[in-house]
Amino acid sequence: MTTVDLAPADSLAIADAGLVAAHGGRLVRETLRGGPAADLLARAHRVHVVAVGKAAVEMGTAVRSAAGPAFRSGVAVPAAPAGPVAGFTVVRGDHPVPGPNSVRAGRTVEEYLSARRFDERDLVVLAVSGGGSALVSRPSSPMELEDLRLLTAALLRTGIDVTRINELRKAVSGIHAGALLPLAGRARLLGLVLSDNVQQGARAVASGLSYPGSVDFARAAEVLTEAAPLLPAPVVARIRTALTQRAATASGTPSILNLEIGSPRTALDAALAAARARGHRTFGFGDTVQGEAREVARRIGAAARRIAERTPGPVCLVGAGEVTVSVRGPGRGGRCQELAWAMLPELAGLPGASFTALATDGQDFLPGVMGARVTGESLGLAAGLGLDWRALLDRNDTHTALSAIGACLPGRPTGTNVCDIYALSWGDVAVPR
């Protein structure tokens, strides 16, 4: 037996194991093999699919396969470009800020449901994943699309977490919070939801697309108050009117069986299992990691130092969630990149340390990058290139910094979206010669 330092590679492999386990198509297939969802599918004479979100194509085609001859047709609204998909009309929406394509996608879904005379022999499956808040859109009157775009952009700049942002967005939407469901008429309804929400779970995904009555109008009004100073007064007035009218006209909708098929916990559990299989002592720091990225980095570093004092390596800490970044500078980056860069000084003193922050949807805000992996040598490497760690962090220019030291992870299609995975590993791993 010889000792080989495998830790720098391990954090990425461990995070990637969580990503694979949370694939939307895989989770749909598992869900439809048994239980109440399989019962609904077995009783259906005709199956129709509305798939919306970053994993729309993967989830929608998995339903198609499970339905077999009963499958009739579907609509898929993904975030990334997609080619033709057999049996589906594919229309891409805009993300993260809703735009004209989002309105077109929303209209396509509404027309798809409205054009069919469903009865009890029909099953409409809503396959929902994160991103659907922006990908389909129909602002409530008297709002216009530009009002919604300005609102979304303003909220994203504030650093308000996405759950609170979506509380307001769904409150002024004619599509979200179950507003689509009456269009399915007498059909049976099944919601398969891949959750990327660390606070409210499946019912908040895609602004409650498949969850009727999921709007908290009081909370939505609070969020609007916070965003109001960043918006022109006429825009605020129209949003406030739309919010008031929606609250006054909210009504009941058809019943639906909603099932959470996967979540950040799915990825976390798989990553922890992968770390144990590679010989690490494992510690989880939860599937609801939240907070300002640099503050979370300090918390992770402090936890690692406490563990290192009493636990021999190899060790791996794994968490899942979604940190936030309050943008104060003119730089470029994403929340995973900001967290990875903030972690550099925290890795000091941990032998063979490696930290990976990975966006499970394959894009960490900027196209072409899904996060970053840094090691205990990264801070010295950056200094050697003349990069000022603190200055770049304060400028929120972490993409520039991480690219310079070769730490960015290339983006790729993942077929899922369950927030972000964070893995910190250190110590030597004993492997057979």
Side-chain angles (χ1 to χ4, degrees), residues 11-12 14-22 24 27 53-55 96 129-131 133 155-156 158-167 193-206 260-275 282-304 307 316-326 333-343 346 355-365 369-374 398 409 414 416-425:
S11 73
L12 177 55
I14 289 163
D16 200 57
L19 183 69
V20 171
L27 295 171
K54 295 177 182 178
S129 53
S133 297
L155 290 169
L156 290 172
T158 64
I160 295 174
D161 68 80
V162 70
T163 299
R164 298 187 66 224
I165 289 174
N166 288 344
E167 196 68 62
V193 185
L194 183 61
S195 177
D196 67 336
N197 192 284
V198 300
Q199 292 185 13
Q200 297 179 338
R203 66 183 297 103
V205 176
E260 181 181 80
I261 65 169
S263 69
R265 171 59 63 176
T266 307
L268 174 62
D269 288 346
L272 286 168
T282 58
F283 296 83
F285 51 95
D287 60 347
T288 59
V289 178
Q290 299 175 73
E292 190 70 28
R294 59 190 72 187
E295 294 296 331
V296 172
R298 283 193 280 268
R299 296 205 307 264
I300 295 173
I307 292 169
C316 186
L317 277 69
V318 185
E322 198 166 277
V323 301
T324 54
V325 176
S326 296
R335 58 180 183 258
C336 286
Q337 294 164 81
E338 181 111 354
L339 178 59
W341 185 253
M343 279 294 298
E346 306 297 335
F355 178 78
T356 295
L358 183 152
T360 61
D361 64 357
Q363 181 172 324
D364 184 35
F365 188 70
V369 58
M370 66 189 302
R373 185 191 70 186
V374 294
T398 53
L409 299 173
T414 63
T416 190
N417 181 35
V418 289
C419 297
D420 305 328
I421 305 175
Y422 315 120
L424 170 59
S425 62

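Just so it is clear, the values below take in all heavy atoms, side chains as well, and ignore hydrogens, waters and symmetry mates.
- Considering only heavy atoms from C-beta on, Val323 stays 4.5 Å or farther from Glu338 through its side chain.
- Here the side chain of Gln337 pairs no donor or acceptor atom with the backbone of Ala372 at under 3.5 angstrom.
- Distance check, rounded to the nearest 0.5 Å: CD1 of Ile14 to SG of Cys316 gives 3.5 Å.
- Between the side chain of Thr360 and the main chain of Cys419, a donor-acceptor pair closer than 3.5 Å is present.
- Interatomic distance, CZ of Arg298 versus CD of Glu346, reported as 7.5 Å (0.5 Å rounding).
- The side-chain heavy atoms of Met343 and Leu424, taken from C-beta on, include a pair separated by under 4.5 Å.
- Residues Leu358 and Asp420 fail the side-chain proximity criterion, which asks for heavy atoms closer than 4.5 Å.
- Thr356 is not listed as a side-chain neighbour of Tyr422, based on a closest heavy-atom distance of 4.5 Å or more.
- Side-chain atoms of Gln290 and Thr324 form no donor-acceptor pair, as typed in the model, at a separation below 3.5 Å.
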Test Asn417 against Ser129 for side-chain hydrogen bond (donor to acceptor under 3.5 Å, both in side chains), laying out the working first.
-> CA-CA 7 Å; Asn417 181 35; Ser129 53; over 6 Å; no

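- Using a 4.5 Å heavy-atom cutoff, the side chains of Ser11 and Arg373 are in contact.
- Between Ile300 and Glu295 the shortest side-chain heavy-atom distance does not fall below 4.5 Å.
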Stepwise side-chain hydrogen bond (donor to acceptor under 3.5 Å, both in side chains) check, Ser195 with Ser263 = CA-CA 5 Å; Ser195 177; Ser263 69; 6.0 Å; no

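- Between Val205 and Asp196, some side-chain heavy-atom pair lies under the 4.5 Å cut-off.
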